[in-house]
2 protein chains.
Amino acid sequence: MAKNCRFTVATHICAVIALAPERAVTSDDAAGSVNTNPVVARRILAALARAGLVSSQRGPSGGYRLALSPQEIDLAAIARAIDGAEGPVFAPHAPNPVCPVGRGIQPLLTEIVRRADGARLAELAKTRLSDIVARLAPPSSG
Amino acid sequence: MAKNCRFTVATHICAVIALAPERAVTSDDAAGSVNTNPVVARRILAALARAGLVSSQRGPSGGYRLALSPQEIDLAAIARAIDGAEGPVFAPHAPNPVCPVGRGIQPLLTEIVRRADGARLAELAKTRLSDIVARLAPPSSG
DNA sequence: TTAATTCGTAACCAACTAGGTTGCGAGAAA
DNA sequence: TTTCTCGCAACCTAGTTGGTTACGAATTAA
C-alpha cells in the first residue's frame, strides 16, 4: 500500500492515545479505531516506542501512553519514527562510472532528494499532535 | 526498492538525453549509463512519454528525444511523471466511523499529506533539467 | 521486397514491503 | 494463580519493482 498509510495510521493512533490521557490505550482500542488488526497496531506502536514517542505497559490495565505531551509531538517526528532510517538514494543502482552522467549525477541527486524530503518533513513539522486533537474535538463548536 | 530509485533513474536518463540533443538516445544507451536493462529503461521512458516530457521514434536511427527544452523540465515534472496519479491517502483503511477520531481524522490528514507532498514537489521544482546538465558539465571548470 | 533497427509490451521470475492472522512467551496486576 | 496485555515470530496474501526473454509493430535503408 501507499507508504502514506503507515504514517496516517500512526498519527491516528497517536490522536486516540492523546484523547484518553487518563488511561492506557490498548492495541485492541487502537486497532478498533483504525479498523485493523491489533498486531498491526502493535507493529506501528513499536516503531513509535523506539522513537520515544509512546511508552508501553504490559498486564491488566496496561497499554500505551504518550511519552511526550501532544504539544511536543509534531507530525514530522511521527513520520521519522515510521519511515525509519533513510536508505541510500541510489540502491541498487550504481550508475555506470564510465559515462559522464553516471559519474557526476549521484551526488547531485542525493542532495536534491535530501532537500525534497527535508521540505516534506518541514511541512509536517508545522502541525503538532495537539493541533490534530484540537481540530478533532473543537472547543464548543455547537 | 526505494521509490526514490525510479525518480533518480528517470532524472538520470533525462540528463543523458539532454546531453545528446543532436541525436536520438536509444533505450540501450540509457540503460548503459544507468547500469540496468533496456526494458527497464523503456518502462521509465514510457512514463516520461505519457507525461509529455520525451518523444520516441521507432526504427533505425530511432530512440528518445526531449519533447521540451531542458529549461522547461523541472524535477517536479519528472517526479509527477514517475509517481503517476496520487492514490487516496487512506486506502485500504476506512477508519471506524463510530470512533470520534476515526470519523474526523480523515479529512485532516488528507489535507496535511497533500500539503507535505506539495512541499516536496515545490522543492524539486526549484531544480530544472538544465541545472542538472550544467552542473554535470561545468563551463570550463579546469 | 527484404533486412535491420528500435520501440512497445506482455509474460514470467525474484526480491522486497505491507497488512492480516495465529500462536505463544514474558511481564504485570488482582 | 488467573487474567490481561504487550512483544514477537511465523506464515500467508497482495502489490511494487527490477531483471530477463520474447515477439509484434513501426521505421529506415538497401
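Residue numbers begin at 1 in each chain, while the letters A, B, ... track the order of the sequences.
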Within residues 45-54 of chain A, those residues having any heavy atom closer than 4.0 Å to DNA chain D are none
State whether R42(B) places a side-chain N or O below 4.0 Å from either non-bridging phosphate oxygen (OP1 or OP2) of dG8(C).
-> no
Rounded to whole Å, the CD1-P distance (I44(B) to dG8(C)) equals 13 Å
At under 4.0 Å, does any side-chain N or O of N37(A) touch on OP1 or OP2 of dT21(C)?
-> yes
Nearest-0.5 Å distance that lies between atom CD1 in I78(B) and atom OG1 in T11(B) = 4.0 Å
Closest non-hydrogen atoms of R115(A) and E123(B), given as atom of the first, atom of the second and distance, are NE-OE2, 3.4 Å
Between V25(A) and D29(A), what is the shortest heavy-atom contact and its length?
-> CG1-CB, 3.7 Å
Starting at CG of N35(A) and ending at P of dT21(C), how long is that distance when rounded to a whole Å?
-> 11 Å
Answer yes or no: is there an ion pair linking D28(A) with R42(A), defined by an N-O contact shorter than 4.0 Å?
-> no
With sequence neighbours excluded, tell me which residues meet side-chain contact (heavy atoms from CB on, under 4.5 Å) with A49(A).
-> V54(A)
side-chain hydrogen bond (donor to acceptor under 3.5 Å, both in side chains) contacts touching residues 46-57 of chain A (sequence neighbours left out) = none
Between dC6(D), dG19(D), dT21(C), which nucleotide has the shortest distance from any of its atoms to the side chain of V40(A)?
-> dT21(C)
Kindly give the heavy-atom pair with the smallest separation between Q106(A) and P95(A), and that separation in Å.
-> OE1-CD, 3.3 Å
Rounded to whole angstrom units, what separation is found between the CZ atom of R6(B) and the C1' atom of dT16(D)?
-> 9 Å
Can a salt bridge be assigned to the pair R120(B) and D117(B) using a cut-off of 4.0 Å between side-chain N and carboxylate O?
-> no
Minimum heavy-atom distance between A47(B) and A81(B), given as atom pair plus value | CB-O, 3.8 Å
E111(A) bridged to R114(A) by N-O distance under 4.0 Å | yes
In residues 23-32 of chain B, which ones come under 4.0 Å of DNA chain D, going by heavy atoms?
-> none
Shorter than 3.5 Å, N or O on both sides, protein versus nucleotides 24-28 of chain D: list them out with atom names.
residue	atom	partner	partner atom	Å
dG24(D)	N2	R58(B)	NH1	3.4
dA26(D)	O4'	R58(B)	NE	3.4
dT27(D)	O3'	Q57(B)	NE2	3.4

Atom pairs, N/O to N/O, protein against nucleotides 11-13 of chain C, distance under 3.5 Å?
residue	atom	partner	partner atom	Å
dA11(C)	N6	R43(B)	NH1	3.4

Closest heavy-atom pair, I105(B) versus H12(A), reported as atoms and distance to 0.1 Å, is CD1-CA, 3.6 Å
Return the 5'-most residue of the pair P38(A), G62(B) with respect to DNA chain C, ranking by each residue's nearest nucleotide.
-> G62(B)
R103(B) versus V98(B), closest heavy-atom pair with distance | NH1-O, 3.6 Å
Supply the atom-to-atom distance T8(A) OG1 to L109(B) CG, rounded to the nearest 0.5 angstrom.
-> 6.5 Å
